[in-house]
Amino acid sequence: MSVGDGRRVKVGVVGASGYVGGELLRLLVTHPRVELAMVTSRQYAGEYVHRVHPSLRGFTEITFSPVDIDRLGSECDLVFTAVPHGKAVEIVKRLYDKGVRIVDLSADYRLKDQEAYKYYYGWEHPYPDLLSKSVYGIPELHRDEIRSARLVSCPGCMAVTSLLALAPLAKNDLIDLDHIVVDSKIGSSGAGGKPSSGTHHAMRYGVVRPYKPVKHRHTAEIEQEMSIMAGRKVSVSMTPHAVNIVRGILCTNHAFLKRSTSIQELWRAYRGMYRNEPFVRLIRDTKGLYKYPDPKFVVGSNFCDVGFDIDEKNNRIVALSASDNLMKGAAGSAVQCMNVMYGFNEVEGLLITPLTPV
Amino acid sequence: MSVGDGRRVKVGVVGASGYVGGELLRLLVTHPRVELAMVTSRQYAGEYVHRVHPSLRGFTEITFSPVDIDRLGSECDLVFTAVPHGKAVEIVKRLYDKGVRIVDLSADYRLKDQEAYKYYYGWEHPYPDLLSKSVYGIPELHRDEIRSARLVSCPGCMAVTSLLALAPLAKNDLIDLDHIVVDSKIGSSGAGGKPSSGTHHAMRYGVVRPYKPVKHRHTAEIEQEMSIMAGRKVSVSMTPHAVNIVRGILCTNHAFLKRSTSIQELWRAYRGMYRNEPFVRLIRDTKGLYKYPDPKFVVGSNFCDVGFDIDEKNNRIVALSASDNLMKGAAGSAVQCMNVMYGFNEVEGLLITPLTPV
Amino acid sequence: MAKVRCLECDRELNVPSDAIEGEIVTCPDCGANYEVARSNGRIELRPAESVGEDWGE
């Protein structure tokens with residue numbers, strides 16, 4: 001359904017006081033096709049948004065309202081749900097039953113297979129039938145399905161970043177699908193706005209901290225999407241590390257080649273898939289200082305920079321990808337999906353230049 | 001002269017490989033009324049801009065050209081000069097003589113009084129007659145003169161940040177003009193792109209480093225503009241400190257009150273001056289965590305957040321101001337002045353939401 | 001809609017005419033809290049106590 005006649009989409013944001021909620025608002029308050037109808041927060045109901053997100057002072061004087069499913073259903077065309085895993089599942093279900101379109105940024109509707117929720121989340125999904133109705137929110141992989149989707153589930157930040165580097169290799173049958181190693185590095189804003197001893201400044205500062213080195217939840221999504229692309233079961237080993245930045249992800253995706261290939265063939269594989277993609281930039285520069293992707297040059301934008309190199313001796317390919325975990329990793333993808341869902345120009349409100357240096 | 005008929009202004013940027021030049025390009029490549037005609041760099045002539053500014057990949061494929069005054073004069077309506085102090089003076093003079101309009105981001109044409117250049121810069125200005133033709137580039141203070149100016153000289157980053165906090169106090173004759181103390185804190189990008197032992201990461205990281213605690217160059221501009229507003233000689237004592245951020249300035253402006261006043265009167269003084277200013281936000285919140293200005297909430301935007309408080313016991317007012325040294329402190333002000341010079345909507349290409357957290 | 005001035009920062013506040021007695025109104029500019037009061041049919045704002053959070057460093 002496209003809002004052709006220039007009408008603005010009435011948008012609601014549930015859970016708007018967190019970092020992802022705040023980033024969504026940052027994009028929505030200046031989006032030319034959006035009218036911000038409702039912004040909810042349990043904790044800050046009644047308060048002006050700019051008191052929780054001071055950077056938005058002057059852009060909106062909307063106040064937080066309590067989560068009211070009926071009002072959301074009647075006043076909004078589309079609702080973004082940015083509440084933690086386990087809380088979103090109920091809100092999304094009730095909104096879905098009201099017929100309002102939903103872009104969910106939680107993990108609750110990302111996986112097709114309920115068993116994967118048991119293994120990775122230790123959680124029994126209460127509405128497994130809804131999983132098949134949900135479309136995985138990477139337009140570069142599912143643009144057509146997103147167009148008509150009633151429920152889009154946005155990817156995990158490290159999942160989308162890794163997938164965009166690995167996809168051309170899977171689609172061109174270049175790599176051994178049982179020995180993929182994803183080693184990712186991510187900034188502190190990836191942990192969200194809730195303080196904890198692990199994010200306490202004096203202890204979070206300056207770390208290179210591996211966390212959940214095995215069974216990290218995003219692995220399930222990467223395996224799911226890679227298996228779809230490869231047409232067979234794919235296993236992926238992921239290890240994330242918290243590093244000393246606030247925004248940014250670098251995924252170093254190691255894969256072993258099934259047959260020998262060349263840099264030229266890799267360029268063709270990547271260009272073949274991303275030639276017309278406005279938010280994927282290919283970075284493999286033979287000269288200059290900046291030869292490979294680096295989050296330093298995407299922070300604040302919706303880009304995912306992708307690059308690659310071949311390690312002939314070890315028959316290994318290193319596919320690199322960099323993104324802003326709050327943008328292409330969350331709010332940017334969500335708004336990009338909204339643009340697709342409503343037939344807007346896909347870059348509407350998203351052609352933002354990265355902020356460098358920062 | 002306004003480009004009324006929707007025509008784009010042909011713009012040149014001299015010295016576009018530095019941080020300020022890069023920030024100018026970041027704004028100009030998406031500015032709806034600008035056509036980027038020429039971008040010069042001595043060091044990188046012939047190279048693609050995105051090889052020096054990777055974040056701009058996908059926004060422009062323009063290459064750097066050598067500094068060619070004749071070509072700049074014939075191909076550009078307006079030229080931004082972003083070259084260091086001492087280099088700009090010649091280029092600006094030659095461009096001025098060619099009749100092209102100029103927005104200079106160096107210090108070479110900021111001061112009206114050549115003696116101040118001797119005292120603060122130890123430098124004899126070669127074209128003192130041009131100083132009176134130059135308009136100081138703070139639209140909030142000189143909007144009318146900027147409209148018709150042929151040469152606009154953009155303010156020093158700490159100068160504009162301090163002045164916007166002090167101006168309402170001077171204009172309302174509230175403070176003793178001989179005991180103003182400006183204590184400013186600034187990020188590393190304020191030192192520009194040239195590496196030195198002082199900016200070497202291991203030594204620059206984590207400092208709270210006072211530098212040039214007396215006779216800092218920006219003092220001259222603050223004194224000049226405050227004297228104009230107060231109608232008499234004003235002396236200002238400024239001490240800057242390098243702190244552990246990349247972008248951002250906080251100026252803590254201490255001034256002693258001439259007579260008792262109230263918070264309500266201060267609100268009226270500040271609101272009186274800034275009610276219709278799109279880029280000055282007044283921050284003095286009685287509740288919530290974020291009561292006063294903090295660069296954390298302006299980085300990436302053209303805002304200068306201004307706040308104040310009264311220290312009754314010491315008869316002192318603390319006026320606080322926060323900005324992004326590369327935006328309102330440099331490139332943002334430059335583009336804002338261009339908008340004024342060409343009759344565009346002053347917020348054109350500048351209504352950017354700050355990036356928080358970053 | 002009644003137009004009332006914030007006592008702290010002079011910002012014009014729009015108080016819905018159906019605002020009930022004792023309802024809390026916050027000034028968007030300075031965060032001052034007020035209690036809605038009605039005297040001889042006119043809407044007035046009485047300063048309400050507001051708990052200020054602080055960094056406490």
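In what follows, chains are A, B, ... by sequence order, proteins preceding strands, each numbered from 1. Note that the coordinates shown come from a computational prediction; the quantities given were computed from them, not determined experimentally.
The candidate with the highest count of non-hydrogen atom pairs below 4.5 Å against chain B, out of Pro354(A), Pro54(A), Gly288(A), is Pro54(A).
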Please evaluate residues Tyr205(A) and Tyr205(B) with respect to the criterion ring pair (Phe, Tyr, Trp, His ring centres under 6.0 Å), reporting the C-alpha separation (whole Å), side-chain torsions for both, the decisive distance (0.1 Å), and the verdict.
CA-CA 12 Å; Tyr205(A) 195 98; Tyr205(B) 197 96; 5.7 Å; yes
Given the rule in the side chain to side chain contact (heavy atoms under 4.5 Å, CB included) test, do Val299(A) and Val358(B) qualify, once you have shown the distances and angles that lead to the verdict?
CA-CA 8 Å; Val299(A) 159; Val358(B) 76; 3.8 Å; yes
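We find the CG-NE2 distance between Asp285(B) and His50(A) to be 6.5 Å, quoted to the nearest 0.5 Å. Rounding to the nearest 0.5 Å places CD1 of Ile352(A) at 13.5 Å from OG of Ser55(B).
Only the side chain of Leu326(A) has a heavy atom closer than 4.5 Å to any heavy atom of chain B. The contact between Arg51(B) and chain A is made by backbone and side chain atoms together, counting heavy-atom distances below 4.5 Å. For Val52(B), the part lying near chain A is the backbone, with the side chain staying farther off; criterion is any non-hydrogen pair under 4.5 Å. With a 4.5 Å cut-off on non-hydrogen atoms, Arg26(A) touches chain B through its backbone and its side chain both. Neither the backbone nor the side chain of Leu25(B) comes within less than 4.5 Å of any heavy atom of chain A.
Outside the 6.0 Å centre-distance limit, the rings of Phe297(B) and Phe59(A) are not counted as a close aromatic pair.
Without hydrogens or angle criteria, Arg281(A) side chain to Arg57(B) main chain gives a donor-acceptor distance under 3.5 Å.
A 6.0 Å sphere centred on OH of Tyr48(B) holds no more than 12 heavy atoms belonging to other residues, nucleotides or ligands. Counting non-hydrogen atoms of other residues, nucleotides and ligands closer than 6.0 Å to CZ of Arg42(B) gives a total of 12 or fewer.
With a 4.5 Å cut-off on side-chain heavy atoms, Thr30(A) and Leu351(B) do not count as touching.
Nearest heavy atoms, Glu23(A) versus Thr356(B): OE1-O, 4.1 Å.
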